[in-house]
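In what follows, a single structure is set out as structure tokens and then discussed.
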Amino acid sequence: MNMRCFSERRSRFMEEMKPNSLALIPAGSEQLRDRDIHYVFHQNSDFHYLTGYPEPQALALFQKGKGKNETGRWILFNLKKDEVIERWTGTRIGQEKACSFYGADEAHAIEDQDEEIPKLMAGCQTLYYPIGVSEPFDRRVNGWVHTVEKQVRTGLSAPSVRIALSSILHEMRLIKTAPELACMQKAVGVSCLAHERAMRVCQSATSEFQIHAELMRVFMESGCRHVAYEPIVASGENACILHYTENTGPLKSGELLLVDAGVEFEGYASDITRTYPTNGKFSPEQKALYEVVLEAQQAGIAAVKPGNHWNQPHEVVIRVLTEGLVDLKILQGSVDTLIEQKSYEKFYPHQTGHWLGLNVHDVGAYKVDEAWRIFKAGMTLTVEPGLYVKCEPEVLPKWWNIGIRIEDDVLVTETGALVMSEALPKKVADIESFMRG
Ligand code: GLY
Ligand code: MN
Ligand code: MN
């Protein structure tokens, strides 16, 4: 993504900040996996959104002065160049390039933060930061404020108002711009290719692990280094475990395979699920349940449009699923009563979707002033109904161990919804014909 995109975001962000305020956003930190081995580093998405700066151990500070026409300044605290360390772990960006390439107005060594930040805080009224998100960071902020408090007798004043960073930043992140949508569409496209590969090899593969490997191969071959989340490759009864990530079970002919996998492109996530028979042909029971989930998904997607609210797709989905379960005699009773009693939860225990963006479960409040958020063009979300029938004594055995989810990535447009993952087969006939081909 062009560096200009980040500088435009910073301008919009600082426009929203109150006069005489500071915003503090920490970069992600490296996490130890075991002894001295780290997990692959992933940048904090709020920090990335405003800076595009890729290293850990950094802190972005945005300063807005008192003046009326203040545009604000970006001050970065980051790692210093160090020849010896760079020999082991690669080139560091350093302070000079942080300004010349990444566009910081000032850059200081991260070691200087405890000395510099209280000076910047003195006299400033409002602080924005991710309040309550990380205890260590809350403590650091409190420590800096405390340092200023200790000097009040010299005439300095400490910030008296604290505002959650999300009130500005997550509202911005909720509406995607054209360059963001291009990244998301690229991630979705690569994920679709990976799902197609999985569908193709599924009949000759013998374990979930082989399918996982094929997904990773397509992701990496397409130049995408990070998954948006650990892939779920769940066959047979494993498909009824919602967040199954072991992916080591055998693939048995006649069972369904549920694959929930999405890659990231330039930090933007995709999140797609398809469910299909390992032998390429749905059994009558698998088909009957699948058609119910598909109808629910199509109705859910149709409910995504400007003016509708966040929960409308979920409300439509639970109605279609409940009607389907009654038609198939898996549930008995009146549809309205079953919905009221939430009887569907036994077979559909999750929500119908979530915002999608830099995080797979992206930021943005689902309710505003206690009312569901109204859809607006530029929002992106998933629509992902499912049905999961375990060995329930009150359900006929012919339905047991069928787990189905169908998940697509959807953009709210001016007039309705665009399914970004539309290209991937999902109708019964299309899946069967794709798998035959
Ligand atoms: N893959 C995680 C989710 O569907 O929310
Ligand atoms: Mn999802
Ligand atoms: Mn998913």
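Atoms within a ligand are numbered from 1 in the order they appear, just like the ligands themselves. The basis for the numbers below is simple: all heavy atoms, side chains too, and nothing from hydrogens, waters or symmetry mates. Position 1 is the first residue of the sequence, and the numbers go up from there. Being a predicted model, the structure only gives us computed values, none of them experimental.
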Inset, instruction - Before giving the answer on side-chain hydrogen bond (donor to acceptor under 3.5 Å, both in side chains), spell out for Ser421 and Asp409 the whole-Å C-alpha distance, their side-chain angles and the decisive distance to 0.1 Å. - result: CA-CA 6 Å; Ser421 40; Asp409 299 344; 4.9 Å; no

Inset, instruction - Show your working on salt bridge (charged side-chain N to carboxylate O under 4.0 Å, His left out) between Glu8 and Arg12 and close with a plain yes or no. - result: CA-CA 6 Å; Glu8 281 167 10; Arg12 279 200 287 136; over 6 Å; no

Inset, instruction - Show your working on side-chain contact (heavy atoms from CB on, under 4.5 Å) between Leu257 and Thr275 and close with a plain yes or no. - result: CA-CA 5 Å; Leu257 176 66; Thr275 309; over 6 Å; no

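Counting only protein N, O or S atoms, 4 lie closer than 2.8 Å to the Mn ion (ligand 3).
A salt bridge does not link Lys287 with Glu432: every distance from a Lys NZ or Arg NE/NH1/NH2 to an Asp or Glu carboxylate oxygen is 4.0 Å or more. With respect to the salt-bridge test (charged N to carboxylate O, under 4.0 angstrom), the residues Arg197 and Glu221 qualify.
For residues 29-52, every residue pair satisfying the salt bridge (Lys or Arg N to Asp or Glu O under 4.0 Å) rule, not counting sequence neighbours, is listed here: Asp46-Arg173. Pairs passing the ring pair (Phe, Tyr, Trp, His ring centres under 6.0 Å) check and including a residue from residues 241-295, sequence neighbours excluded, read Phe282-Tyr290.
Tyr366 has its ring centre no less than 6.0 Å from the ring centre of His354.
Put simply, CD1 on Ile404 and OH on Tyr348 are 13.0 Å apart, with the number rounded to the nearest 0.5 Å.
Here the closest non-hydrogen pair linking Lys64 and Lys18 is CG-O, 3.7 Å.
Protein residues lining ligand 1, listed by chain and number: Tyr229, Asp260, Asp271, His354, His361, Glu384, Glu407 [non-hydrogen atoms, distance under 4.0 Å].
For the Mn ion (ligand 2), the set of nearby N, O or S atoms under 2.8 Å includes none belonging to His361.
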